[in-house]
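Lettering of chains follows the sequences in order, A, B, ..., and the numbering in each one begins at 1. Since this is a predicted model, take the numbers as computed values, not measurements.
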Amino acid sequence: MRSAAVWRHYELLFLMEREVRVRFAPSPTGPLHIGGVRTALYNYLLARKLGGKMLLRIEDTDQNRFVPGAEQYIQDSLAWCGIELDESPWKGGPHAPYRQSERKPMYMQYALQLIDSGHAYYAFDTPEELDAMRARLTAAKVPNPQYNAITRSQMRNSTTLPEDEVKQLLDAGTPYVIRLKVPRKEEIRFNDLIRGWVVVHSSAVDDKVLMKSDGMPTYHLANIVDDHLMEITHVIRGEEWLPSAPLHVLLYRYLGWESTMPQFAHLPLLLKPDGTGKLSKRDGDRLGFPVFPLEWHGTDAETGAPTVSSGYRESGYLPDAFINFLAFLGWNPGTQQELFSMDELIEAFSIDRVSKSPARFDQHKVRWYNEQYLRAKPNAELAQYLLDALHEHGVDCTREKAEQIASVMKERVTFPQDFWQEAQYFFQAPESYDEQVISKKWNAATANALAAFARELPTAAPSTPDEIKALLTQVLEREGVKLGQVMQALRVAITGAAAGPDLMETMHILGNEDISQRILTAVERLSTRATA
RNA sequence: GGUCCGUUCGUCUAGGGGUUAGGACUGCAGAUUUUCAUUCUGCCAACAGGGGUUCGAUUCCCCUACGGACUACCA
């Protein structure tokens, strides 16, 4: 049973004993998806919360899976999200280098240490021999074929071969791997910060390869060695690592590092928004919304054709909104508060409030978060989005006008690009008019009243939304038409659309000349059409 | 198949032996508004099933079902 008080106690102990150090350790095999970003985020939040350090380590021990640009993508993504790294391949740090490929010379000595202490052994089996072994076991209906305490005695390795033959094979340069000698009957247990005690029997763990025949360590060895050397105190990673955690515990023990073994916290998975299963990189645009923080330009694995996967950044999501949403996927503060800045997240975060069960996406909620964050921004900042888009399209606009537009539009947009898309009519008189409104609301009386209003505008020169309204009311009264009857028609005459922000505000932004002109144009065009 | 992990409204979740099971998103309805949106108000909506333990279980225990992860010289 997890109790908040107990974990707070653990956290305090760590604080007193040694600096909290966490790591995010992605492999550069493609774009980082949001599950990875969330893992990085929780690591970051814990580090900042406890006054510790956050480092990033590139796990590139499999050179076959290296994807150019992936590392840069990881760096850019975290930077965009506001997740700061204290140590990284790009920034350096006291435990450099931070790429496992560059740390290659460091691993062999630990594998040899394990061999010396009898916890690991050389294995010379070829892939064909391994396949044959598995096939044999499968045929014999062995539930879980694996290289383990039982099968290792039938394979070609240093536990079965005479010592001098092993030496001979090694001297001859025969390809080999180093495998962990997992005990046959032993209970392995560890206390997961999120799940409590996890117990696994060693018979379920196989003799994992520690050093590959290319001289590189596998993930299992490398991550233990590096976490130890880098003085990592908490390993926060996805649930997919839970089954191999007992193996890692064994490694810490056999290497003699158990007393400083980091605490484990296995995060619940992020599920595909539609069907079932964990979210994967391939889910991409199939779902209609991004699973990547940034747009990714890759190549199709089979055809080699270039592919593009959309990103939250390019789709118009604000990093703060994205992060706030992501933080709540698997964690909550236990209060009613929904909106959290990064600093507030840091303040509120605690690992014991991370839930155990997996979470699915809610595309509506990310949008909602984005709207909240967008509306909280000052008009000047929102105006800049519009200004940028206008500049791109070669349209002139003063900053003052852009701010006015942003001010009236902010309640009705989800993304920054909406300002440009929804505000077209502020820069261009309508070319067509909403048919429904025209057929329902446009008639001779309305047209006459609006024309009268348009003619009086330049001379009356109202200078505020209120004054515009006053003038309009005054004219309509004289014409014997009610305000409610013409508003829709007036809106359509000016904007062409049936809906939009407050009309008086809109007219004020456009200016008297423009409104007058637009109304007269509409009256002319719509009457002509009516008689035609 | 085996091992491990999980299961509260459609979604994210709070809660916890006795509660009208709370909030947020979505949806729906109403109010406001010159319109749409916003805003406000309300409504719909959940403890997977079965056994225990108990005066009492959604909450603790067990089983079942379902879901998921893992099961490579990938991470």
Side-chain angles (χ1 to χ4, degrees), chain A residues 1 25-29 59-62 64-65 100 123 125-127 130 134 138 141-147 175-179 192 194-195 198-201 203-206 208-220 222-223 237-246 266 268-269 271-273 276-278 325 328-339 353 355-369 371 375 409-414 422 434 437 441 469 472 482-492 495 497-504:
Chain A
M1 277 299 85
S27 36
T29 54
E59 309 241 327
D60 55 351
T61 52
D62 185 357
N64 300 323
R65 296 212 306 160
Q100 289 182 329
D125 315 280
T126 63
L130 290 171
R134 289 187 194 107
T138 307
K141 299 243 193 308
V142 172
N144 198 18
Q146 56 181 18
Y147 206 120
Y176 68 89
V177 299
I178 295 176
R179 284 181 182 272
D192 188 279
I194 292 169
R195 284 147 215 286
V198 176
V199 185
V200 179
H201 197 268
S203 62
V205 182
D206 63 350
K208 278 275 180 302
V209 170
L210 265 22
M211 291 296 295
K212 298 185 271 190
S213 56
D214 65 359
M216 281 295 252
T218 58
Y219 165 81
H220 301 292
N223 109 85
R237 72 222 309 192
E239 188 187 319
E240 66 268 30
W241 296 109
L242 197 48
S244 55
H266 290 93
L269 259 16
L271 265 26
K272 287 183 203 294
T276 54
K278 78 169 172 176
F325 165 74
F328 270 67
L329 240 37
W331 171 86
N332 79 85
T335 65
Q336 310 274 78
Q337 189 180 346
E338 303 273 341
L339 265 22
R353 294 203 65 89
S355 57
K356 291 196 270 261
S357 45
R360 209 179 289 276
F361 273 79
D362 186 347
Q363 59 243 65
H364 296 295
K365 204 154 188 178
V366 218
R367 289 171 63 93
W368 179 79
Y369 270 111
E371 288 164 1
R375 282 167 205 168
M409 298 289 293
K410 69 196 289 186
E411 297 297 314
R412 42 201 318 117
V413 298
T414 302
E422 305 280 318
D434 186 280
V437 175
K441 304 281 184 181
K469 187 169 188 178
L472 179 63
K482 287 212 161 43
L483 185 68
Q485 291 176 297
V486 301
M487 284 304 282
Q488 279 289 75
L490 178 55
R491 175 180 294 283
V492 169
T495 70
D502 185 277
L503 232 202
M504 303 306 157

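One interatomic measurement links the two molecules: CG of A:D502 to P of B:U33, which rounds to 13 Å at whole-angstrom precision. Put simply, CZ on A:R353 is 17 Å from P on B:C12, counting in whole angstrom units. For the pair A:K272 NZ and B:G67 P, the interatomic distance rounds to 15 Å; values are reported in whole Å. What separates CG of A:L269 from P of B:U7 is a distance of 14 Å, to the nearest Å. Atom pair A:K212:NZ and B:C74:C1' shows a separation of 7 Å (rounding to whole Å applied). Protein atom CD of A:Q336 is 7 Å distant from nucleotide atom P of B:G23, rounded to whole Å. Atom CG of A:L242 is separated from atom C1' of B:C4 by 6 Å (rounded to the nearest Å). One interatomic measurement links the two molecules: OH of A:Y147 to P of B:G2, which rounds to 25 Å at whole-angstrom precision.
With rounding to the nearest 0.5 Å, the separation of OH in A:Y219 from CD in A:Q100 is 8.5 Å. Rounded to the nearest 0.5 Å, atoms CG (A:D502) and CZ (A:R491) are 7.5 Å apart. Of the inter-residue distances, the one linking A:L271 atom CG with A:F361 atom CZ reads 10.0 Å to the nearest 0.5 angstrom. Distance OG1/A:T29 to CG/A:D62: 9.0 Å, rounded to 0.5 Å.
Nearest nucleotide to the A:H220 side chain, out of B:A75, B:C25, B:U7: B:A75. Proximity note for A:M487 (side chain, C-beta onward) versus B:U38, B:A75, B:U34: the nearest is B:U34. Relative to the side chain of A:E239, the nucleotides B:G68, B:U7, B:U35 differ in distance, and B:G68 lies closest. For A:R375, whose side chain is taken as the heavy atoms from C-beta onward, the closest listed nucleotide among B:U38, B:U11, B:G6 is B:U38. Listed candidates were B:A75, B:C12, B:C70. Nearest to the side chain of A:K278 is B:C70. In the set B:U34, B:A75, B:U35, the nucleotide with an atom closest to the side chain of A:A499 is B:U35. Out of B:G6, B:U34, B:U26, the shortest distance to the side chain of A:S357 is found at B:G6. Each of B:U34, B:U26, B:A75 was ranked by its minimum atom distance to the side chain of A:R491; first place goes to B:U34. Taking only side-chain atoms of A:Y219, from C-beta outward, the nucleotide of B:C5, B:A75, B:A24 with the closest atom is B:A75.
Nucleotide B:U19 has no partner under the Watson-Crick or G-U criteria, as no pair reaches both atom distances under 3.5 Å. Base pairing of B:G2: its partner is B:C70, meeting the Watson-Crick or G-U wobble criterion (both donor-acceptor distances under 3.5 Å). A 3.5 Å limit on both hydrogen-bonding distances identifies B:A29 as the Watson-Crick or G-U partner of B:U41. Nucleotide B:U34 forms no Watson-Crick or G-U wobble pair with any nucleotide shown, as no partner meets the under 3.5 Å limit on both distances. Base pairing of B:A48: its partner is B:U64, meeting the Watson-Crick or G-U wobble criterion (both donor-acceptor distances under 3.5 Å). Pairing partner, B:U59: none, since no Watson-Crick or wobble contact has both distances short of 3.5 Å. Across all strands shown, B:A24 is found opposite B:U11 as a Watson-Crick or G-U wobble partner, with both distances under 3.5 Å.
At a threshold of 4.0 angstrom between heavy atoms, the contacts of A:D434 with the nucleic acid are absent. Using a 4.0 Å heavy-atom cutoff across all strands shown, A:F325 reaches no nucleic acid atom at all. If you check every strand for non-hydrogen atoms under 4.0 Å, A:R134 touches sugar and phosphate atoms only. Nucleic acid contact class of A:V177 (heavy atoms, under 4.0 Å, all strands): base. A:P501 comes within 4.0 angstrom of a nucleotide base, judged by non-hydrogen atoms across all strands. A:G500 comes within 4.0 angstrom of a base, heavy atoms only. Within the 4.0 angstrom heavy-atom criterion, no nucleotide atom of any strand lies near A:V142. The residue A:L503 sits close to a base: some heavy atom pair falls under 4.0 Å. Nucleic acid contact class of A:A359 (heavy atoms, under 4.0 Å, all strands): sugar-phosphate only. As judged by a 4.0 angstrom heavy-atom cut-off over every strand, A:S213 is placed among the base-contacting residues.
Residues A:K356 and A:E239 form no side-chain contact, since every pair of their non-hydrogen atoms from C-beta on lies 4.5 Å or further apart. Annotation: side chain of A:V177 is not in contact with side chain of A:M211 (no heavy-atom distance under 4.5 Å). Looking at A:R179 and A:K208, their side chains never come closer than 4.5 Å, going by heavy atoms from C-beta outward.
Atom name P, nucleotides B:C60 and B:U8: the rounded distance is 13 Å, in whole Å. Spacing of P atoms, B:U11 relative to B:G2, comes out at 29 Å, to the nearest Å. Separation of the C1' atoms belonging to B:U3 and B:G22 is 38 Å when rounded to the nearest angstrom. Between B:G18 and B:C61, the distance separating the two P atoms is 16 Å to the nearest Å. B:U58 sits 15 Å from B:U20 when the C1' atoms are compared, rounded to a whole Å. Comparing B:A57 with B:G52, their C1' atoms sit 11 Å apart, to the nearest whole Å. Nucleotides B:A69 and B:C73 are separated by 22 Å at their C1' atoms, to the nearest Å. Annotation: B:C43 and B:A21 have their P atoms spaced 15 Å apart (nearest Å).
Applying the side chain to side chain contact (heavy atoms under 4.5 Å, CB included) test between A:Q488 and each of A:V437, A:L503, A:D434 identifies A:V437 as the sole match.
There is no side-chain donor-acceptor pair under 3.5 Å between A:T218 and A:H220.
No more than 12 heavy atoms of other residues, nucleotides or ligands sit less than 6.0 Å from atom NZ of A:K469.
A close approach under 4.0 Å does not occur between any side-chain nitrogen or oxygen of A:N144 and OP1 or OP2 of B:G1. Taking only side-chain nitrogens and oxygens, A:K365 never comes nearer than 4.0 Å to OP1 or OP2 of B:U13. OP1 or OP2 of B:C73 sits under 4.0 Å from a side-chain N or O of A:R179. For the pair A:S355 and B:U13, the criterion of a side-chain N or O lying under 4.0 Å from OP1 or OP2 is met. OP1 or OP2 of B:A75 sits under 4.0 Å from a side-chain N or O of A:T61. For B:C73, neither phosphate oxygen OP1 nor OP2 lies less than 4.0 angstrom from any side-chain nitrogen or oxygen of A:K208.
Each of A:V198 and A:N332 lies near RNA chain B, and the nucleotide nearest A:V198 is the one positioned closer to the 5' end. Toward the 5' end of RNA chain B, the nearer of the two residues A:E338 and A:G330, judged by each one's closest nucleotide, is A:G330.
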